[in-house]
**Student:** 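Here it is, the structure, as structure tokens.
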Amino acid sequence: MTTSANIAAAISGFEATFGYRPTGVWSAPGRVNLIGEHTDYNQGYVLPLAINRRTYAAVSLRSDSTVRVASSFSSQVHEVQLSEIANDTANDWAGYPLGVAWALQQLGAQNASGFDAFFDSDVPVGAGLSSSAAIECSIASALNELWNSNFDRQILASAGQLAENSIVGAPTGIMDQSASMFGKADKAIFLDCKTLEAQKVELGFEKENLELLIIDTRVAHRLVDGGYAERRAACELGAALMQVGSLRELSSADLARAETVLDEVTLRRVRHVVTENERVLKTVDLLRSIGPRAIGDLMMQSHSSMRDDFEISVDELDTAVDVAVRHGAIGARMTGGGFGGAAIALAPIDKVSEITLAVIAEFELLGYAKPNIFAVSAAEGARRDA
Ligand code: ADP
Ligand code: MG
């Protein structure tokens, strides 16, 4: 769909559900992480980009304190009183937008009132592209304007995180919402998860005739809960044994000492985080000094580190990466939390169809589910569309 078709779909969904015309439409993008995996909760560095897949929120204020939310994603219209959101247990997907309305008030929004909202989205759900941040940031932007809150983008991002942590109950970091709020065309967001400083870094993909492919393996995040928590615990243990507040404080110069202090598994977990932080910094340097064709090796090293040291890859992701590179990608790596989800491949435009066909053929040969492969580009962060 084109942007104007998405806006029209959000408006007509609103009208069909609520029977009147919305005041406006706001949208926010999903994101993909170029490099920097499992570094966010270690106070480290990440380099995501907002993508040209967005969630559109058609919204109107109400004169009472009732909130109604609906989505083309679900036939359910969820209705609750603004003051009851925190006690509202039957919220399901509605926890994301309702959680943001609650979080904005926690962060000091003064003129909160009821509203009606309808969501329409072309961000794939559950593929690791953060449809959750997209819905959060779209409604955060809408309410910020309609409630006259005047919060800056960093506070709106933290409202999304607070909603996800406190109302939805997912212990996620600030990366996704930061990318969705701060995204820019052709730019990645270099985020320091300790200071929350966000810098824009030019990608130059188009200038170099490169395309960023998402290879969604459709492998559901197997074991994700246990695996994710176990990795976080190993990182905390590693930091404690190395006597630092977080793994962010270590560099590869500390790894020799780590070998004498840590057990073999913890050492490998720590080594991933330490080297991954350094790879993010190098990627930023190379993008700024040489350009995107120089970052392929770092993407490959990142994937190997996640496969061998952090052990969060799966066969489908390894296959996607191998085949993409064998057929001409400059670099490829799994992206997101791991145990399934998507890989990315940075490829010359004239190799895209060969790579796509080769990955599909290899998955078929190995008896894997058919992957969903599509190109994304770096896009504008949250905004008002209509
Ligand atoms: P991801 O963010 O990687 O796509 P999550 O599990 O974090 O996966 O978030 C997906 C959830 O967000 C969905 O299951 C749904 O509850 C909610 N969600 C995302 N987009 C929409 C939408 N357009 N309408 C309603 N709910 C949505
Ligand atoms: Mg999410």
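All figures in this text were calculated on a predicted structure; none of them were measured in a lab. In listed order, ligands and their atoms are each counted from 1.
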**Student:** Does any part of the side chain of E276, heavy atoms only, come nearer than 4.5 Å to the side chain of I35, both counted from C-beta?
**Tutor:** yes
**Student:** Rounded to the nearest 0.5 Å, how far apart are CD1 of I139 and CG of L98?
**Tutor:** 9.0 Å
**Student:** Look at E311 together with R268 and state whether they make a salt bridge at an N to O cut-off of under 4.0 Å.
**Tutor:** yes
**Student:** Run the salt-bridge test on E15 and R21 with the 4.0 Å N-O cut-off and return the result as yes or no.
**Tutor:** yes
**Student:** Please could you name the atoms of ligand 1 that I135 approaches to less than 4.0 Å, counting only its heavy atoms?
**Tutor:**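 Under 4.0 Å from I135, ligand 1 has these atoms: 21 (C), 22 (C), 24 (N), 25 (C), 26 (N), 27 (C).
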**Student:** Among all protein non-hydrogen atoms, which one is nearest to atom 7 (O) of ligand 1, and what is the separation to 0.1 Å?
**Tutor:**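 It is S132 OG, 3.1 Å.
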**Student:** Between ligand 1 and D92, is the shortest N or O to N or O distance under 3.5 Å?
**Tutor:**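 In this structure, D92 places no N or O atom under 3.5 Å from an N or O of ligand 1.
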**Student:** Would you mind checking which non-hydrogen protein atom is closest to atom 6 (O) of ligand 1, with the distance to 0.1 Å?
**Tutor:** Y96 OH, 4.1 Å
**Student:** Is a side-chain donor or acceptor of D216 paired with a backbone partner of R218 at a separation under 3.5 angstrom?
**Tutor:** yes
**Student:** Go through ligand 1 atom by atom and flag the ones less than 4.0 Å from a non-hydrogen atom of W93.
**Tutor:**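 Going through ligand 1 atom by atom, the ones under 4.0 Å from W93 are 15 (C), 16 (O), 25 (C), 26 (N).
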**Student:** Quick check: does S132 have an N/O/S atom under 2.8 Å of the Mg ion (ligand 2)?
**Tutor:**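 Checking the Mg ion (ligand 2) against S132, an N, O or S atom does fall under 2.8 Å.
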**Student:** Does any N or O atom in S131 lie less than 3.5 angstrom from one in ligand 1, N or O only?
**Tutor:**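 There is such a contact, yes.
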**Student:** How about F118 and Y56: are their ring centroids closer than 6.0 Å?
**Tutor:**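 Judged by ring-centre distance (under 6.0 Å), F118 and Y56 do not meet the cut-off.
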**Student:** On the 0 to 90° scale, with breaks at 30° and 60°, tag the F119-W93 ring pair as parallel, tilted or perpendicular.
**Tutor:**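 Perpendicular, since the angle between the ring planes exceeds 60°.
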**Student:** Within a distance under 4.0 Å of any heavy atom of S121, pick out the atoms of ligand 1 and give their elements.
**Tutor:**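 This gives 23 (N) as the contact atoms.
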**Student:** Is there a nitrogen or oxygen of S71 sitting under 3.5 Å from a nitrogen or oxygen of ligand 1?
**Tutor:**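 Among all N and O atoms of S71, at least one is under 3.5 Å from an N or O of ligand 1.
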**Student:** With a cut-off of 4.0 Å, which atoms of ligand 1 are near a heavy atom of V125?
**Tutor:**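 Answer for ligand 1: 4 (O), 10 (C), 13 (C), 14 (O).
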